[in-house]
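Input: a single structure, listed below in structure tokens.
Just so it is clear, the values below take in all heavy atoms, side chains as well, and ignore hydrogens, waters and symmetry mates. Numbers restart at 1 for each chain; the letters A, B, ... are given by sequence-line order, proteins then strands.
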Protein chains: 2
Amino acid sequence: MTRQSSHTKATPTTDPDDAPAKVDLGCLDGLLGYRLRRAQLAVFQDFITSMRDYDLRPAQFSVLAIIRANPGLKQSRVSEALGINRANFVALLDELETRDLARREPAPGDRRSNALFLTAKGEAFLDEAYRHLQAHHERRLDAALGAGDRQQFLTLLDRLAALD
Amino acid sequence: MTRQSSHTKATPTTDPDDAPAKVDLGCLDGLLGYRLRRAQLAVFQDFITSMRDYDLRPAQFSVLAIIRANPGLKQSRVSEALGINRANFVALLDELETRDLARREPAPGDRRSNALFLTAKGEAFLDEAYRHLQAHHERRLDAALGAGDRQQFLTLLDRLAALD
DNA sequence: TATTGTTATACTCTATAACTATA
DNA sequence: TATAGTTATAGAGTATAACAATA
């Protein structure tokens, strides 16, 4: 292999005319992780924009969703299920509790543990937020994916997530 | 809709026996962004592990790749192409220059700008790192994706990335 | 006036160590 | 001894404002 690898053009980029001239991604284009990262950033940005009026970030939404689907689950298991360090989970849950969306209760049978629940307000809030996401955010994502097979796409994402 | 949305089971999770009992993702399972994020984290983790001996993070690799494919490109355009804030790009490039992988040169015709190049060491380093990634990291990703259509997968990722 | 590179700053996210109370 | 929740802390990543040099 010479100085230029086969997938790069590397024209010395003089470009004296005012045309913007597209930047060549070079070997970056062959890295799945790069494409995945750009897609993930765009999707999260769209999520955050969609949830602006709810003031809810992706991590906060995920905590509420897990608690609702598993009421009474121990704090450590919720953080573990989401891959969130238990030390970092404390402040995250504190804020949800301050906003009266979730609550800690003493776990029956283990006085070290907290059992987590949504408040009535939290249940309603999550329902509304999720409906809004489906109607706007997910709807936009489906439009972007177009005719592509969404189910097959999700299957491949899950296979990658199972790497570790 | 009642207190429980249609896609959650929400059995009160008493679970007194010692079986670990899988955590229900609830409505999180219906969010594309969640699956995308988990996949991206797993892929980046695999990248970082693969590049341990090279001490090269994804962002550093991307900078080297863009510079190699577009030698002489202005600093602001490199950071812009990667979606990196120009203020944050300074320290990133400083480190690559300290390691003698890239260099700043005065841009011909504009004394405000820097034109970026790889050093000879940077060219060789990137070639070797990229070959190593292809042989190990990307190979593992392909194995994980299995029979799935990689090209279709990349197409859908790019459509999502084009959201904003 | 606008742009380029830079510094300073702040806020989020993430990771580790250590403490306490329980088990 | 080990585990659950917590605090403190440090490192990345990211965002904005402002400055000097130059366009």
Exercise for review: Please determine if B:Arg57 and B:Glu95 form a salt bridge, counting it only when a charged side-chain N lies under 4.0 Å from a carboxylate O.
Suggested key: yes
Point to revise | Integer-rounded Å distance: C:dC13 C1' and A:Phe44 CZ | key: 12 Å
Exercise for review: Tell me, please, which residues at least two apart from A:Asn114 pass side chain to side chain donor-acceptor pair (under 3.5 Å).
Suggested key: A:Gln75
Practice item. Let me have a per-nucleotide readout for nucleotides 14-23 of chain D, 5' to 3', with B, S or -, counting only protein heavy atoms under 4.0 Å. Key: BBBBB--BBS
Practice item. Could you state the atom-to-atom distance from CG of B:Leu92 to P of C:dG5 in whole Å? Key: 14 Å
Exercise for review: Using a strict cut-off of less than 4.0 Å between a Lys/Arg side-chain nitrogen and an Asp/Glu carboxylate oxygen, indicate whether A:Lys121 and A:Glu123 qualify as a salt bridge.
Suggested key: no
Exercise for review: Can you tell me the distance, in whole Å, between the CD atom of B:Gln75 and the C1' atom of C:dT7?
Suggested key: 13 Å
Exercise for review: Could you list who else is in B:Leu163's hydrophobic cluster, with ILVMFWY side chains joined at under 4.5 Å, directly or through other members?
Suggested key: A:Leu32, A:Leu36, A:Val43, A:Leu141, A:Leu145, A:Phe153, A:Leu154, A:Leu156, A:Leu157, A:Leu160, A:Leu163, B:Leu32, B:Leu36, B:Val43, B:Leu141, B:Leu145, B:Phe153, B:Leu154, B:Leu156, B:Leu157, B:Leu160
Check your understanding: Does D:dT3 have OP1 or OP2 sitting under 4.0 Å from an N or O in the side chain of A:Ser113?
Key -> no
Review point. Between D:dA12 atom P and B:Glu95 atom CD, what is the distance in whole Å?
Key: 9 Å
Study note, to complete from the structure: When rounded to whole Å, the CD to C1' distance for the pair A:Glu105 and D:dA4 reads 17 Å
Point to revise | d(CZ, A:Phe89; P, D:dT7) in whole Å | key: 14 Å
Check your understanding: Could you state the CG-C1' distance from B:Leu93 to C:dT7, rounded to the nearest angstrom?
Key -> 16 Å
Exercise for review: Starting at atom CD of A:Gln40, determine the distance to atom P of D:dG13, rounded to an integer number of angstrom.
Suggested key: 14 Å
Study note, to complete from the structure: When A:Arg57 and B:Asp94 are each assigned the nearest nucleotide of DNA chain C, the 5'-most assignment goes to B:Asp94
Review point. Is A:Glu80 paired with A:Arg77 through a side-chain N to carboxylate O contact shorter than 4.0 Å?
Key: yes
**Study point:** A:Arg150 atom CZ, over 12 foreign heavy atoms within 6.0 Å
**Key:** yes
